Amino acid sequence: MNIEARIVSKVQKALLELYDTDMASEKIQVQRTRKDFTGDFTVVVFPFLGFTKRPPEQTGEEIGQFLKEKVDEISDFNVIKGFLNLIIGNDFWLRFLNSMHQRGHIYDFALESGQGKIVVEYSSPNTNKPLHLGHIRNNLLGFSISRILEATGHEVKKVNLVNDRGIHICKSMLAWQKWGQGETPESKGVKGDHLVGDYYVLFDQEYKRQVAELTEKGYTREEAEKEAPLMKEARQMLHRWEQDDAQTVELWKKMNGWVLEGFEQTYQALGIDFDRVYYESQVYKLGKEQVQKGLEAGAFFTGKDGSVWADMADEALDQKLLLRSDGTSVYITQDIGTAIQRYQEFDFDQHIYVVGNEQKYHFQVLKILLGKLGYEWAENLHHLAYGMVELPEGKMKSREGTVVDADDLIDEMLQTAETMTRESGKVGDFSDAEKNRIYHSIGLGALKYFILKVDPKKNMTFDPKESVDFNGNTGPFIQYSYARINSLIQKAGERNISVPEQVKASTPINDKEIQLIKLIHQFPSFIQDAASEMNPAVIANFVYELAREFNQFYHEYSVLSAEDEQLVQLRMVLSIQVSRVIREAMWLLGIDLPERM
RNA sequence: GGUCCUGUAGCUCAGCUGGAUAGAGCAACGGCCUUCUAAGCCGUAGGUCCCAGGUUCGAAUCCUGGCAGGAUCACCA
């Protein structure tokens, strides 16, 4: 049990003994004492006044007195207005630090194993164009939240559902067939996903031209869009694909292969991976059967033209199409099928879908439909709906060419990292391989941190200028803090300063040191919060605060040349523990740390 | 029009299930490297927490109603 929980239970006891009142522990507020007051934890006494029948100051005094006598860790207290500030004795913090020092992972004690199995679906790209900034947010969130859930004792399965079929892929295929002249990623020297994306753009340009031509001839816009020869051809191609036409399938396999290879490179650069990859081409039919079953069971109904619908009037929603009149399935039908498949495969306790917030309605409906089919686990599906990434000049629009390409962005980050590092002149003696590793850590660290530090559900503005800034609340700031501690530890070794197994109980600790130990102490509860809110930003903000706090300490006090031996040992142990927490917090975010920078 | 999300310093964001004088970074200005990495540290300046009511001992936080921005309500995915 952590110290806060202990205080709550002791306050509860105090209320019972002093005022004969049994108060629920959730109603007792214990919080960190604000920096401008003395104390470590604060009990808010206002809620107790109803039954203590005493003014706030007196109530605080009485409870404070009780706690000081009955709780060893509490060495003193003070009362200001209705706030009872408790002071925890140094020996408690020292004991805590020592216990930390002997542990493996720090987040171990956030970890209660056997918390259940969770499937996290993320990334889910279409195979007709390369990844962009929006996908990066998705990938980073999915990957980080998976690690956070693992740290809280869940068994996590990371899955990707690649949308490798449909009309959009046919568009690229058609354009390549018409104008590609056998071009390949190798022959052209570009990544496969970019090559295919280029043909998608080509299709769109030509298609627009045809539509314009037709509207000039007197077609309405809608007619023109439908009748444009290119679109007709694309639809025919999709039809052929669905008929398993050998030539079409071969072309599809070839171009999908190019794209997937390109994606793989991007994933690798981002440092993310999956336990299982699904392809829509293989699972898109799964839902039909389920819908048929539901139809037979009376959960759904048939329209006049043979299409199948669900009525969601009970949920105050409209009707939803599940199968088209020609019997083919729509998007939601597929998701019904894959959800059931995954439940059978993994027997999950929860399933998280990391998908943009524009699909909120979709997932709301998905849960309802699975409920109608009688699956109680439908309520264990969660949609982690993240906001869109906007640019300072507004939304990213592929049509206007304002999308930020993932690979370009990564390159730019690496370039900047290299330039900045060169200018600092700190890695002169490194091998090229080492230097590249460092540029990669820093460049990607900056990008990842920039994106993960904001609350997922909010839309965020991505300012390229700001993202490339390595000062302030950034990934490199934290990496730098870490590298400095690391160097400290190296130096200690060179100077034959040994790190003790235990810090001596009598060692005096100053406020800054206590502040740092307190932060470390809170790490597990931040992990819990991040997990329950599905929000990596909680971790990001925490580790930033820790790094900032440490930098202040580092600036103000000397570790290796502290006044006496005991202090050197305390500060060494403290520094090591801080670096461990930074490392583990950054690991939860999926951000690498260079040992030197 | 219905539903959902967001609105905090010039800009980008924190602010936990209501708690003390609302916090960081960037940008601006001024300091600190003969001392463990200055990608750092310190200071100055900057606020009608969108508006109006309500609940409460207490509201940036909860409720209601506005306003502004965004998303969504396809036989698209």
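For the numbers below, each heavy atom of this structure counts, side chains included, while hydrogens, waters and symmetry mates do not. Predicted model, so just to flag it, every value in this text is computed and none were measured. Labels below follow one simple rule: chain letters A, B, ... track the order of the sequence lines, proteins then strands, and each chain is numbered from 1.
- If you check every strand for non-hydrogen atoms under 4.0 Å, A:Val330 touches sugar and phosphate atoms only.
- Between A:Phe300 and A:Leu369 the shortest side-chain heavy-atom distance falls below 4.5 Å.
- Between the CE atom of A:Met388 and the P atom of B:U72 there is a distance of 7 Å, given to the nearest Å.
- In this structure, the CD atom of A:Gln359 is 14 Å from the P atom of B:A74, given to the nearest Å.
- Under 4.0 angstrom from either OP1 or OP2 of B:U37 there lies at least one side-chain N or O belonging to A:Lys491.
- A:Thr328 comes within contact range of no nucleotide atom at all, as no heavy-atom separation falls under 4.0 Å.
- Put simply, CD on A:Glu57 is 16 Å from P on B:A20, counting in whole angstrom units.
- Counting any heavy atom pair closer than 4.0 Å across all strands shown, A:Met460 reaches sugar-phosphate atoms only and no base atom.
- Comment: A:Glu4 does not engage A:Arg32 in a salt bridge, judged by the lack of any side-chain N to carboxylate O separation of less than 4.0 angstrom.
- The partner of B:G53 is B:C63, by the rule that a Watson-Crick or G-U pair needs both atom distances under 3.5 Å.
- Between A:Glu222 and A:Lys226 there is no salt bridge, since no side-chain nitrogen of the basic residue lies less than 4.0 Å from a carboxylate oxygen of the acidic one.
- The partner of B:G43 is B:C29, by the rule that a Watson-Crick or G-U pair needs both atom distances under 3.5 Å.
- Ion pairing between a basic and an acidic side chain is recognised when a charged N comes within 4.0 Å of a carboxylate O; A:Asp40 and A:Lys518 show such pairing.
- Stacking here means ring centres nearer than 5.5 Å and ring planes tilted less than 30 degrees, and by that measure A:Tyr480 does not stack onto B:G40.
- Checked against B:U72, B:C36, B:C75, the side chain of A:Ser325 finds its nearest nucleotide in B:C75.
- Across all strands shown, nothing is found opposite B:C36 as a Watson-Crick or G-U wobble partner with both distances under 3.5 Å.
- Here A:Asp455 pairs with A:Lys457 in a salt bridge; the nearest charged N to carboxylate O distance falls below 4.0 Å.
- Of the candidates B:A14, B:A38, B:G25, B:G25 carries the atom nearest the A:Asn473 side chain, counting heavy atoms from C-beta on.
- Between A:Glu556 and A:Lys512 there is no salt bridge, since no side-chain nitrogen of the basic residue lies less than 4.0 Å from a carboxylate oxygen of the acidic one.
- Between A:Phe263 and A:Asn126, the closest heavy-atom pair is CZ-O, 3.4 Å.
- A:Asp36 comes within 4.0 angstrom of a base, heavy atoms only.
- Going from the P atom of B:C73 to that of B:C13 covers 26 Å, rounded to whole Å.
- Atom-to-atom, CD of A:Glu466 to P of B:G10 comes out at 16 Å; the value is rounded to the nearest Å.
- Between the NZ atom of A:Lys458 and the C1' atom of B:G7 there is a distance of 9 Å, rounded to whole Å.
- Of the candidates B:C13, B:G70, B:C76, B:C76 carries the atom nearest the A:Arg324 side chain, counting heavy atoms from C-beta on.
- Between A:Ile576 atom CD1 and B:C36 atom C1' the separation is 14 Å, expressed in whole Å.
- A:Tyr557 comes within 4.0 angstrom of a base, heavy atoms only.
- Taking for each of A:Leu321 and A:Ala417 the nucleotide of RNA chain B with the nearest heavy atom, the 5'-most of the two is the partner of A:Ala417.
- Dashed line: the shortest gap from a side-chain N or O of A:Gln364 to OP1 or OP2 of B:U3 is not under 4.0 Å.
- In this structure, A:Glu423 reaches neither bases nor backbone, as no heavy-atom distance under 4.0 Å exists between it and the strands shown.
- A:Asp463 comes within contact range of no nucleotide atom at all, as no heavy-atom separation falls under 4.0 Å.
- Within the 4.0 angstrom heavy-atom criterion, no nucleotide atom of any strand lies near A:Ala537.
- Among the protein residues, A:Lys360 comes within range of the sugar-phosphate backbone only, with heavy atoms under 4.0 Å from sugar or phosphate atoms but none that close to a base.
- Shown here, B:C33 is classed syn by the O4'-C1'-N9-C4 or O4'-C1'-N1-C2 angle, which is within 90° of 0.
- Look at B:G1: its Watson-Crick or wobble partner, with both distances under 3.5 angstrom, is B:C73.
- Across all strands shown, B:A24 forms a Watson-Crick or G-U wobble pair, both distances under 3.5 Å, with B:U12.
- Within the structure, every side-chain polar atom (N or O) of A:Asn357 is placed at least 4.0 Å from both OP1 and OP2 of B:G70.
- For B:C51 and B:A68, the P atoms lie 15 Å apart once the distance is rounded to whole Å.
- In terms of polar N and O atoms assigned as donor or acceptor, the side chain of A:Asn85 comes within less than 3.5 Å of the base of B:A20 in a complementary pairing.
- Of the P atoms belonging to B:C63 and B:G18, the separation is 10 Å, rounded to the nearest Å.
- Distance check on atom P: B:A27 versus B:U12 gives 15 Å, rounded to whole Å.
- Along RNA chain B, the nucleotide closest to A:Ile332 and the one closest to A:Ile442 are compared, and the more 5′ of them pairs with A:Ile442.
- Between the side chain of A:Tyr449 and the backbone N or O of A:Ala540, at least one donor-acceptor pair lies under 3.5 Å.
- Rounded to whole Å, the P atom of B:C62 lies 9 Å from the corresponding atom of B:U6.
- Going from the P atom of B:A20 to that of B:A28 covers 33 Å, rounded to whole Å.
- The pair A:Asp429-A:Arg596 meets the salt-bridge criterion, since a charged nitrogen lies less than 4.0 angstrom from a carboxylate oxygen.
- Regarding A:Ile167, its CD1 atom lies at a distance of 10 Å from the C1' atom of B:C76, rounded to whole Å.
- Nearest nucleotide to the side chain of A:Phe37, out of B:A39, B:A77, B:U21: B:U21.
- Residues A:Lys465 and A:Asp469 are not paired through a salt bridge, judged by the lack of any N-O separation under 4.0 Å between the basic side chain and the carboxylate.
- Atom P of nucleotide B:A14 and atom OH of A:Tyr449 are separated by 11 Å, given to the nearest angstrom.
- Contact of the A:Leu322 side chain with the A:Val330 side chain is not registered, since no non-hydrogen atoms from C-beta on lie closer than 4.5 Å.
- Nucleic acid contact class of A:Ser561 (heavy atoms, under 4.0 Å, all strands): none.
- Within 4.0 Å (heavy atoms only), A:Asn535 reaches no atom of the nucleic acid at all.
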Can you pull every protein N or O that's under 3.5 Å from an N or O on nucleotides 16-19 of chain B?
| from | atom 1 | to | atom 2 | distance (Å) |
| --- | --- | --- | --- | --- |
| B:G19 | N7 | A:Gln29 | OE1 | 3.1 |
| B:G19 | N7 | A:Gln29 | NE2 | 3.0 |

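- Base contact: A:Thr42 has a heavy atom under 4.0 Å from a base atom.
- Taking CG of A:Asn541 as the start and CG of A:Asn535 as the end, the distance is 8.5 Å to the nearest 0.5 Å.
- For B:U72 and B:C11, the C1' atoms lie 29 Å apart once the distance is rounded to whole Å.
- Taking atom P in both B:C49 and B:U37, the straight-line distance is 45 Å, to the nearest Å.
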